[in-house]
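Below you'll find the structure I mean.
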Amino acid sequence: MPIYLGFDCSTQGLTAVAIEVEGGRRRIVCERALHFDRDLPAYGTANGVLRGDGDRLAVGSPPLMWAEALDRLMGLVAREGGFELARVAAVSGSAQQHGSVYLRAEAGARLATLDPARPLADQLEGLFTQRVSPVWMDSSTAAQCAAITAAVGGPAALARLTGSRAFERFTGPQVRKFFERDPDAYARTGRIHLVSSFLASLLVGGDAAIEPGDGAGMNLMDLAGKTWAPAALAATAPDLDARLPAIVPPWTVAGTLSPYWRARHGFPAARVVAWSGDNPCSLVGVGLVREGRVAISLGTSDTVFGLMREPRVDPSGTGHVFGAPTGDYMGLTCFKNGSLARERVRDAHRLDWTGFSAALRATPPGNRGAVMLPWFDAEITPPVLDVGVRRYGLDPTDAAADVRAVVEGQLLAMARHSRWMDVAVDTIHATGGASANREILQVMADVFGADVWQFPGANSAGLGAALRAYHADLVTEGRPAAWEAIVEGFAEPMAGSLMRPHEAHVELYRALADVHAACEAHALGRGDDPAPLIAAFRARSPVGP
Ligand code: ADP
Ligand code: XUL
């Protein structure tokens with residue numbers, strides 16, 4: 001009975017999920033995780049990232065940390081997975097999107113000849129031309145975004161070409177910044193990988209390609225043709241084409257586990273399938289293989305996403321269109337102030353998650369018109385670089401109201417800023433660490449006026465990666481299966497997890513959405529003081545839970 005292994009290299013940790021498939025018999029056989037701050041403290045990260053570099057908007061992670069984590073987790077799965085390693089048929093992975101890894105030209109040769117007696121990280125020293133990789137939380141490239149946008153003919157032209165207008169965290173603007181700051185280091189760079197293709201390269205002991213799910217998060221790929229877009233490359237940095245891996249379909253086998261993994265941890269020569277981004281992997285991990293539903297992932301970032309048959313690019317410039325693992329497309333809107341913002345509010349009031357949930361239960365939906373715009377960190381949606389939480393009609397010392405305000409503020413923003421996807425949302429698949437919190441899911445159901453299903457394990461990205469390995473293995477064997485059959489029995493909601501919206505609350509949130517929009521416009525310097533709107537809302541809103 002074959003086993004498929006899926007990794008997820010997220011912002012805060014690395015996870016592995018192993019699944020077993022035999023006809024109708026399907027189960028997760030092993031899940032293991034490493035947490036970067038806790039388990040790899042030598043890298044000095046906080047929540048998986050390093051900040052600063054003299055620039056408060058710059059955020060990155062050491063690529064060596066990801067490599068060491070992969071080596072250690074492969075060892076952990078080999079020793080404690082509880083299954084015969086010879087059964088592993090294929091491996092794939094998911095990684096946080098947009099982050100980039102800069103390697104010297106000799107990296108490929110070094111990766112092909114690693115010594116299995118020595119840890120991986122020790123053997124990669126000196127291969128990186130940038131020791132800290134910029135990651136998706138970085139928002140330091142406004143100037144590069146402007147230059148690329150102008151060179152390509154404006155935001156709408158860039159969005160039509162690549163699926164998104166220029167975003168600070170996207171790889172192209174990051175590459176341009178690297179080239180501008182350190183042209184010599186850029187000249188020494190032979191290969192620029194995404195986090196996903198870098199980790200796949202480590203597994204195959206060579207140079208893995210990029211697939212269109214993650215490739216679309218770069219502002220460099222022609223979305224319709226799924227090839228590098230010459231105009232975008234030229235607008236970004238010189239001779240970029242030669243430094244980028246190929247783009248391949250998402251089910252492409254990049255190679256087999258290299259001799260290093262076989263000799264070091266006892267794995268077989270299993271197929272390694274192109275890795276993708278965490279959001280594309282989560283799409284299949286929560287079973288969204290048809291159009292018409294959305295998923296909301298409450299992880300380090302909060303994301304709203306759904307499958308699209310055709311690439312409908314967002315005319316407002318808020319969201320993104322990426323490739324989907326099925327070969328279709330997906331729409332996505334990303335919010336940076338997700339779990340870490342919820343944690344900030346939780347910690348400010350000295351609560352744990354139980355206390356956080358109790359605060360939600362103790363406060364009335366609509367929070368009597370109090371609104372928080374939780375911009376603890378620079379925000380992606382809407383774009384905010386002037387960091388700072390904005391509170392309207394909200395007493396910051398009122399712990400319970402503050403908790404409700406952060407959750408409502410986030411979900412109201414998610415609902416309004418994902419309208420461009422043009423999906424009539426009646427069902428939401430909730431995933432990510434905070435989806436374990438039923439009180440948050442009730443607010444989600446009420447704000448969206450939709451049924452919400454919880455997904456088990458919260459690691460839909462790792463599961464999606466394992467399912468992608470399974471799918472690609474069947475394609476390679478000449479026995480392709482429909483995606484509905486691939487996800488069946490795995491990407492299923494938890495029994496009894498359905499949260500239904502309360503009609504009265506849905507009405508209330510419809511009204512609060514206008515108040516929230518007015519607060520946002522005011523905070524962004526585009527609208528009047530929303531105090532009269534808040535007072536009017538308060539006059540007709542409930543005072544108790
Ligand atoms: P990533 O995006 O890095 O994969 P996860 O999806 O694993 O992150 O989510 C991790 C986050 O989940 C933590 O930072 C934490 O804030 C949040 N979390 C975990 N349990 C709860 C809970 N009961 N209520 C709210 N948030 C939670
Ligand atoms: C998506 C995004 C984040 C990262 C990290 O565009 O920036 O969701 O993929 O999870």
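Being a predicted model, the structure only gives us computed values, none of them experimental. Counting convention: from 1, in listed order, for ligands and their atoms alike.
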(request) State the atoms of ligand 2, each with its element, that fall below the 4.0 Å cut-off from a heavy-atom position in Gln97. (result) 4 (C), 9 (O)

(request) Pick whichever of Met137, His320, Arg169 has a heavy atom sitting closest to atom 7 (O) of ligand 2. (result) Arg169

(request) Using a strict cut-off of less than 4.0 Å between a Lys/Arg side-chain nitrogen and an Asp/Glu carboxylate oxygen, indicate whether Arg344 and Asp402 qualify as a salt bridge. (result) no

(message) Give me the atom names and distance for the closest heavy-atom approach of Ala235 to Ile148.
(response) O-CG1, 3.5 Å

(request) Would you please determine whether Gln12 falls within less than 4.0 Å of ligand 1 on a heavy-atom basis? (result) yes

(message) Is it the case that ligand 1 has an N or O less than 3.5 angstrom from some N or O of Ser10?
(response) yes

(request) Below 4.0 angstrom from a heavy atom of Gly432, which ligand 1 atoms are there? Numbered from 1 as shown, please. (result) 6 (O)

(message) Going by the closest heavy atom to atom 16 (O) of ligand 1, which one wins out of Glu343, His35, Glu439?
(response) Glu343

(request) Heavy atoms only: give me the nearest Met421-Val304 pair and the separation to one decimal. (result) SD-O, 4.1 Å

(message) Can you confirm whether Thr300 sits close enough to Leu340 that some side-chain heavy atom of one is under 4.5 Å from a side-chain heavy atom of the other?
(response) yes

(request) Can you see which heavy atom on Val101 is nearest to which on Phe128, and at what distance? (result) CG1-CE2, 3.7 Å

(message) Quick test of your reading of the structure: of Ser297, Ser94, Cys334, whose heavy atom lies closest to atom 2 (C) of ligand 2?
(response) Cys334

(message) Whether Glu291 and Arg312 form a salt bridge (side-chain N of Lys/Arg under 4.0 Å from carboxylate O of Asp/Glu) is what I want to check.
(response) yes

(request) Look at atom 2 (O) of ligand 1 and find which of Thr300, Asp278, Thr11 reaches it with the closest heavy atom. (result) Thr300

(message) Does ligand 1 come near enough to Gly433 that some N or O of the ligand is less than 3.5 Å from an N or O of the residue?
(response) yes

(message) Quick check: Tyr102 with His193 (ring centres under 6.0 Å apart)?
(response) no

(message) Looking at every heavy atom in both Leu385 and Glu168, which two are closest together, and how far apart are they?
(response) CD1-OE2, 4.1 Å

(request) Provide, to 0.1 Å, the distance between atom 8 (O) of ligand 2 and the closest protein heavy atom, together with that atom's residue and name. (result) Ser301 OG, 2.8 Å

(message) Assess whether a salt bridge exists between Lys226 and Glu211, defined as any Lys/Arg side-chain N lying under 4.0 Å from an Asp/Glu carboxylate O.
(response) no

(message) Please work out, at 4.0 Å between heavy atoms, whether the side chain, the backbone, both, or neither of Thr300 comes within that distance of ligand 2.
(response) neither

(message) Taking 4.0 angstrom as the limit and counting only heavy atoms of His98, give me the atoms of ligand 2 inside it, by number and element.
(response) 1 (C), 2 (C), 6 (O), 7 (O)

(message) What I want to know is whether Asn437 and ligand 1 share at least one N or O pair that is separated by under 3.5 angstrom.
(response) yes

(message) Any nitrogen or oxygen of Asn279 lying under 3.5 Å from a nitrogen or oxygen in ligand 2? Just yes or no.
(response) yes

(request) State plainly whether the residues Asp398 and Arg391 are in salt-bridge range, i.e. N to O under 4.0 Å. (result) no

(message) Which of the numbered atoms in ligand 2 are under 4.0 angstrom from any heavy atom belonging to Asp278?
(response) 4 (C), 5 (C), 9 (O), 10 (O)

(message) Just to be sure I read this right, does ligand 2 sit under 4.0 Å from the backbone of Ile380, its side chain, both, or neither, counting only heavy atoms?
(response) neither

(request) Mark up the atoms of ligand 2 that fall under 4.0 Å of a heavy atom belonging to Thr303, in ascending order. (result) 8 (O)

(message) Restricting to non-hydrogen atoms, name the atom on Met218 and the atom on Trp228 that form the minimum distance, rounded to 0.1 Å.
(response) SD-CH2, 3.6 Å

